[in-house]
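Comments concern the structure below.
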Number of protein chains: 2
Amino acid sequence: MNVTALEEYGLRCAVQLASLSEGKTLSAPEIAEREGLSIEYVSKFMLLLKRAELVRTVRGIKGGFALSRAPGEVSLKEVLDALNGRKKSGSEFCKSFTGKSESCVRFGSCSIRPFWDLLSGYVEEFTSRMTLADLIRPEEEIRDKTRSIASDHVGQMRKGEMRS
Amino acid sequence: MNVTALEEYGLRCAVQLASLSEGKTLSAPEIAEREGLSIEYVSKFMLLLKRAELVRTVRGIKGGFALSRAPGEVSLKEVLDALNGRKKSGSEFCKSFTGKSESCVRFGSCSIRPFWDLLSGYVEEFTSRMTLADLIRPEEEIRDKTRSIASDHVGQMRKGEMRS
DNA sequence: GATAATCCATACAAAAAAGTATTGTTTCAA
DNA sequence: TTGAAACAATACTTTTTTGTATGGATTATC
């Protein structure tokens, strides 16, 4: 259960853009410098984010990258999904669920499915509600928001219980 | 943010052992059959679990594997850690924290560290408290326990707030 | 325009993960 | 005591991920 390089570095690059003032852009060399990554590698991430339309670009000399939406409107889940290029994310946590049911040996009665579903449910909610804007705020505030999300999640599980 | 093959398949094999009655063992061919995996592959997982002393083995014909402790005493975190062989797990979620601080470009002020820490804190708590015995109980009960863990987690974050 | 700095795209190389094969050791049972 | 079935260990192959290199397109500036 780990974070891929693409996710980690790509997200960090996206955060760099979040603290950019309106109208400005940041070039790949600048981002690479700030994050200690190669320019080529950064370019690769940014291309993925651009294709997902999370980032807009200005070409030519003096060009660069900027978020195409306000940082508060971009969830971490969107960024992570874009970087993973639609392979697997969020609730599609486990290999037992690659889309086709044959990929899961005991699709109907997978011993670990309930576990994954419950864990990934939280992860998905957390990443969906946390935005790029949140990441550039003081740690204390990130913590507050996390508590709020976790608290809501408990509430949702209670509702689910009643429904059943 | 994905689950490795080792984690998924290895955990499923461990769960097979959890529903085994006292004194019995399950052979690699049997586990492989039940999980739809190759015998060689299953053997690989089991070796890791044995080395972590989570599993005991009986050699020779009629041999096999069994949990070395009661299923309720084996946390999923222990199993997952054993399968990952001490690479990275739990709170050491992100690549920025591979042990040596140089591996993180901006160690003191990593933009995504607070986020990872908060998310992985939940994951760690969840996997630490959930046991192999839990996974073979009805989904409803797994859900109940999850809610309980999540609820405690919110409480702990509140305490953390007061402390600061 | 020419030039330089940038994005764009894809191809390539290296490393890690996933999965298989093989060889050896143990032990039951005929 | 011999054969078969199982664990033990490691080597090997394939696939995926990670990271680099290269060639082209775009545009500000001189």
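Quick caveat, the model's predicted, so the values are computed rather than measured. Residue numbers begin at 1 in each chain, while the letters A, B, ... track the order of the sequences.
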Exercise. Does B:S38 have a side-chain nitrogen or oxygen under 4.0 Å from the phosphate oxygens OP1 or OP2 of C:dT20?
Worked result: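 Answer is yes, contact under 4.0 Å.
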For this session: Indicate whether OP1 or OP2 belonging to D:dG19 is found under 4.0 Å from a side-chain N or O atom of A:Y41.
Result: yes
Exercise. Is A:R12 salt-bridged to A:E8, cutoff N-O under 4.0 Å?
Worked result: yes
Exercise. Does B:E141 pair with B:R137 as a salt bridge, N-O distance under 4.0 Å?
Worked result: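 Answer for the salt bridge query: yes.
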Exercise. Quick one: CG on A:L118 to CE on B:M130, what's the gap to the nearest 0.5 Å?
Worked result: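 Reported to 0.5 Å precision, the distance equals 6.5 Å.
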Length of the line joining [X]:[atom1] and [N]:[atom2], which is rounded to integer Å:
{"X": "A:R56", "N": "C:dC7", "atom1": "CZ", "atom2": "P", "result": "13 Å"}
{"X": "B:N2", "N": "C:dA17", "atom1": "CG", "atom2": "C1'", "result": "11 Å"}
{"X": "A:I31", "N": "C:dC7", "atom1": "CD1", "atom2": "C1'", "result": "12 Å"}
{"X": "A:E40", "N": "D:dA21", "atom1": "CD", "atom2": "P", "result": "6 Å"}
{"X": "A:L48", "N": "C:dT10", "atom1": "CG", "atom2": "P", "result": "12 Å"}
{"X": "B:L83", "N": "C:dG19", "atom1": "CG", "atom2": "P", "result": "13 Å"}

Please enumerate all protein N or O atoms sitting under 3.5 Å from an N or O of nucleotides 5-12 of chain D, with distances to 0.1 Å.
from, atom 1, to, atom 2, distance (Å)
D:dC7, OP1, B:A28, N, 3.0
D:dC7, OP2, B:A28, N, 3.3
D:dC7, O2, B:R59, NH2, 3.3
D:dA8, OP1, B:K50, NZ, 3.2
D:dA8, OP1, B:T57, OG1, 3.0

Seminar exercise, completed: Hits for side-chain hydrogen bond (donor to acceptor under 3.5 Å, both in side chains) against A:K62, two or more places apart or cross-chain, chain-then-number order -> none
Exercise. Hey, any chance A:V123 and B:F126 share a hydrophobic cluster, counting ILVMFWY side chains that come within less than 4.5 Å of each other, even indirectly?
Worked result: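 Same cluster: A:V123 reaches B:F126 through Ile, Leu, Val, Met, Phe, Trp or Tyr contacts under 4.5 Å.
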For this session: Please confirm whether the backbone N or O of A:A70 pairs with a side-chain atom of A:E73, one donor and one acceptor, at under 3.5 Å?
Result: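 A pair under 3.5 Å: no.
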